[in-house]
Amino acid sequence: MGEFWMFPGQGYQHAGMLQNVPRNLIDKVYDLTGIELTDTDEAYQDSIQIQLGILTLQIYQVNRLKKAGINPQIVGGHSLGVFGAAYAAENLRCEDAIRIVYQRAKLMQNAYHDGYGMGVVVGLSRTQVEQLVAQVDSPTEPVFASNQNSAVQIALSGKLTAIQKVIELAKKNGAQTAKLIKVPVPSHSLLMKNVAQILSADLQKIQIVPSQIRYLTNYSGMVTQSVDDIRYDLGNNLVHPVYWEQMTDVALEFSPDLIVEFSPGHAFSKLIKTKSDIRTFAIDDYGIEDSLFLLEKWKRG
Amino acid sequence: MKVKRSWTQQRDAKNARMEKVSSLLNGKFAKTEDAKEILERLIEPNDKVVIEGDNQKQADFLSRTLANVDPERVHDLHMIISSISRPEHLDIFDKGIASKIDFAYSGAQSTRVSQMISSGRMKVGAIHTYLELFGRLFIDLIPNVVLVAAEKADRNGNLYTGFNTEETPTIVESAAFKNGIVIVQANEIVDQVPRVDIPGDQIDVIIPADKPYELEPLFTRDPQNITEIQILMAMMAIRGIYEKHNVQSLNHGVGFNTSAIELLLPTYGEKLGLKGKICRNWELNPTPTLIPAIESGWVESIHSFGGEVGMEKYIAARPDIFFVGKDGSMRSNRALGQVAGQYAIDMFIGSTLQIDKYGNSSTVTAGRVPGFGGAPNMGSNPTGRRHSTPAWQAMKTTDNPLDKGQKLVVQMVETFGANKQPVFVDKLDAVDVQKEINMENAPIMIYSEDTTHIVTEEGIAYLYKTDSMAERQAAIEAIAGVTPVGLRSNASQLQDLRNRGIVALPEDLGVHRGEAKRSLLAAQNMSDLVKWSDGLYNPPAKFRSWS
Amino acid sequence: MENSFVELNGRDRAKVLFDHGTARELVGPLDNLYSPHLMPQGIVPESDDGIILMKGQIKGLDSVVISMEGAFQGGGIGEVGGAKIVAALEQTLKDNQNGHKEYPIIVFDTGGVRLQEANYGLLSISEIQNMIIALKKYVPVIGVVPGRVGAFGGMSITSAMMSYLIATDEARVALNGPEVIEQEAGVREFDSSDKNLIWNTLGTKQRAATGLVDEIVDDDVDLIKNSIVAAIQAKKDSHRTENVDFYLNLLKDIDFNQPMDTEEYRKLFPTVKAGNHHIAEAQKSATPKDKSRGRLWFEKLTGIENAESEVSTVLHATVDGKEFIAIVPDTQNKRFPRVRNGEVGLMEGFTVAKIVNQVIEEDQGKEQKRPIICIVDVPSQAYGYKEELIGINVALASSAAAYAKARQAGHPVVDFIPGDAVSGGFLAHGLQSNRMIALGDDSITIQAMSKASAARITLRTIEELEEATKHVPAMAYDVFNYTKLGALYKRIDSIKSWDASDKNVARIQKEIDAAIDSTKGQPTDLSYRYTNEIAVKEGRVATLKMRKAVENQWNN
Amino acid sequence: MEKLNYKFDTQEEVKEPVHVGVVASGDLEVLVYPTTDPQTTVEIVTGSDGFGEVWKNVLDRFFARYPLHADFKINDFGATPGVVNLRLAQAMEEIKHGE
């Protein structure tokens, strides 16, 4: 049938991840944004460096695969990953992707200074987490059940004090793990409305190109080839939970013969392996050269 | 007052449509590359269209073609698909070619079906059982056009559907005799078909497919994955149900639980001296895990809904057991199989994802609408039946001479399922899903009142013996483990239910838990199945044993 | 099928081999001898540490069955389980020496060394191998590889030493697991996701066709039992570790730079004849060679400058009545690309075996046996597809067996460790010594697996692994923690690895001589390691406890 | 990894020690030792954290049905409640009927 390509967002960036990325692509980022990508752990304390770094890495890897004649049938990105996905699906041009991600990172960096963030609960269903969230959420202490990475892995977004309360409740109610995660903004909740508004306005000026490749949206978990849906997702995924579980379930319903996770990390390929025996791997497992070797070998059959 | 009208309006309309494609046809035959044009000319907006989507055989060339027609020309179709199994079945809705659906099963596409229903892109007539859907093709869902798949077609249009005949004859019949148009994709055009499964005069258009139709080995379970818990439950079922009620004719749902039973018959069952006494006549797809039982002489007959990839040669060599044509290949028939499964067998045993405290079961979970398939037909008690078999009679609970027996409907589940989530729940997810997608009926697969037994790793609840809902609930609680439902049971309650024979634990059945080991299975892996079959079974590549 | 042996767990596999009612388990789960190393690392232990030991009769023959539980920690060998195997084999040896015929049977289901207690695993496996070599003089030692895990790592080396190895076609035998080769040598060398490739290369069918397994048996308890008894009665011995001349010829016929598939190798294998080989001593030369700690010390201790040998990676020479052997890197190695950094590969294993066998032969009948000095600087075994295809486990087993035989024949075998001592390389070249002298240098790594591979196999990050190993001698990578096990005869801290001044060389010569002296009149086995003061006090407490328990229960 | 301890008041005397199971993935071993202490103790080492309540429920239900009086030691590698119950019940069978 074809390949499903997955694009992770922030979380697994690390020093050295850009070592294979050619200079001209790094220069292009500089020319478009004035940001010199710096591939160090210190630099990756900064959201702009992280977001642009990951996007650039994904663009590079997409280019390498496509040059080798390997193309996706369906793509899905997680949060920031939607830009890599839209680029891979040929909905978004490289330059536009870089500019818009730069804008997104800046807006996110300035949106909240402290006291807000995200958490994660493992071992409870979405319904269970939503019930706990409802006990805590208030206008002064907003908290939301946000991303759904698997049936029993639900993120929380909101004010840290409120998240902490939900975490305590979750532990009491049988969660295996409930903890804060290192994200300084309450992403994928209504608290990102202002950021999304500005970003959406910017996206209106960018051309989204129709494509034969299917794109999975964060905000609904559905597959689409509509430029309006894709534009909406790129601009507004920050105010919606990422329905990653649904996205991957839908992708699996297309019976892809191969699933590739782009860098950085391999969290999503591990999740896939828990529910499907379709051949799945992360480029980070092998590095780009060996990944290409494997992809070409499998393509030959 | 007598109406004045033409009584051949439908026939005239059909003739007019056929006229539109006459230039593209050579007799009944069209070219592969004209398929899209033919569909665009033959199908009109708002038509009722059947695409053959069985469990296994897919008219995928025609469904891919339909997903590519011009939505300006063809739109708002009302699709009837027994099994929504392919992505393009849903692309048809995404593109606006169709807007309404009646279906029975959508396991392989259940997430997307759920999304499309809740987003309003797909309007659902109903989620049927197979027999309801087949029946209504002849009542109020009579199709304008049907798109089916055949393995071979001959020059006269006779079709050979062979091993995977499944529901092709039923679909064709609903259109062919009521002015509908029958379009067939064929893997191969031959001078003479090996046997005529469907006569050529029922067929309007035959298009050679671009590639052979898709087949999925849906009923193959690798014994390697059977667990000791499943073996324990299988032992309990054999002793506490099959043996106790003398079950002779039956259907097994698809799954590792029932595979375990099949693989214990030649070992555990044999040791109990049950050969020839139980499990003789089957309504069942040709599941490979039944091979050891067949080879060791347990099975007298098997009728099948459909085929199973890799079993062709084995079946051809066992015509005493299977329904095989003179040509040497099996004939399957889903509609007749469902009738037999509903009306002619002693017992249905299967598995499910959730059972509520009352005993209703469902395979619907949040975000997925998989439909039902055959389980609700097989897993229901046809109250008009009057069987005289020992099992059916055994379900009588009073001395009243007018008391009726009952079909045995058995659910077999572990108390906790995937992700360590409880299977026994106070409220089914199906109830929320019903609200979410606004359906008339909650998507219950098997109703409590039809369920006679539940088997878990803790024991068996003999629900048919209970005489109140409270007692039924207590019986379920007693075997529901440490799920929220099970925690309500206490030791004295359990003792009382055991004393009255409403609940049985392994020790009550003479089942020794220590015996529940994988070495008790007649086959532990795929290559064992191949050995049992004398090399006649040829497992699909994805089930290959590595050794 | 019915009566499957593979399906049984380790305990039942042992039990069903015995005649009904004759089996008795020794040091079983209820004796509570847990591994002391797992809980501190957050790993759930098992009450028998994954090794099941039973005595009884098989078709009337007194037998001892040692069975590994492959489902517990991949059947990995740790200190406690390892000691159980060693103690059982030792008791069996004693019984046989005392004229009581008793047949040892080992049921393999193991990934090799248990990485969470890697240093103990390596020591144990070498001690097991020592016992097997000793036992083979009295009785056939039968191995069975039923399958699921198979026989991997150090225990694949052990499997190669069996008198007779039986396997079902669900088994695999290999030194390096596919994941490890992929990790160390890249996916182009070996694609661990390619199941066809893996089974065609490492599976029993291929192994039986190419001499790594002696008999394929169907997965059936009775058939397996029959095969075992038949092998015992026929006194089978494959002499697998004594086919060095055959393999040295075979290696000549293969171009390691060209692809070779399993079929080709199967065809080649039966056409090879064993020739006569003699490995000449290293000679002086004018051209400097690739530097290594091992080469440096070999040249200094033997006085052979720029030592050169027909096998460029193996140097040996007898000087002052002592035979020195070193394995060295050859970055220009054209024929064997996988050993360029000093790894121990096929050629190295078989060559060292040949050299040691030469020494044994030459000294046969002599009262004074020549001491053998093993200069250890081996970064690992070789990781390669062809290495596995041909059977690098046999190569390493051949050399380990040769060292063990030499020692048992009365040759003092002394290690001098100025460099790394890692994994299979160490088992083949170093771990069969009765004394070890190491330099106290931070640069020395002693371990069972590279950090990258160990992290991948134990599903941890390298950082987590480093954190876990820092303070746990069982897992440590440095020579200072290693000393705490009691394995070393002496650690010399004042001399560093690269510091081979004349004064230091003289000192080392003296230490080696002292070590040789210390073996006089002492046992020729490996018991020094667990009977010295450090071992008794802290290093091998659990080992000794297990030894005592086995001894106490041996005759009820 | 987590260590859990529970106590129960039970009556049925256990005469011989018993062992069942393997510490394999998704499985566990159960060791039962006769005791003269007034209470039954259960000592669990489990590789899956956060299931204390489930363990309590499983043990409550087991000891209510089979009030064995002994010291139990459980080494668990992520077994489901069903598998835990199976192994406990297998131990019970061995205690009551021998092998």
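Just so it is clear: chains get the letters A, B, ... in the order the sequence lines come, proteins before strands, and each one is counted from 1. Please read these numbers as outputs of a predicted model, since none were measured by experiment.
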Decide if atom [atom1] of [X] counts as having more than 12 heavy atoms of other residues, nucleotides or ligands within a radius under 6.0 Å.
X         : atom1 : answer
Asp114(A) : CG    : no
Tyr12(A)  : OH    : no
Lys273(A) : NZ    : yes
Lys334(C) : NZ    : no

Separation between CH2 (Trp298(A)) and OG (Ser193(C)), nearest 0.5 Å, reads 4.5 Å
To check you understand the geometry: which heavy-atom pair defines the closest contact between Glu289(A) and Arg188(C), and what is its length? O-NH2, 3.1 Å
Kindly indicate whether the side chain of Lys297(A), heavy atoms from C-beta on, has any atom under 4.5 Å from the side chain of Asp194(C). yes
Given that the side chain runs from C-beta out, which part of Gln183(C) has a heavy atom under 4.5 Å from chain A: side chain, backbone, both or neither? neither
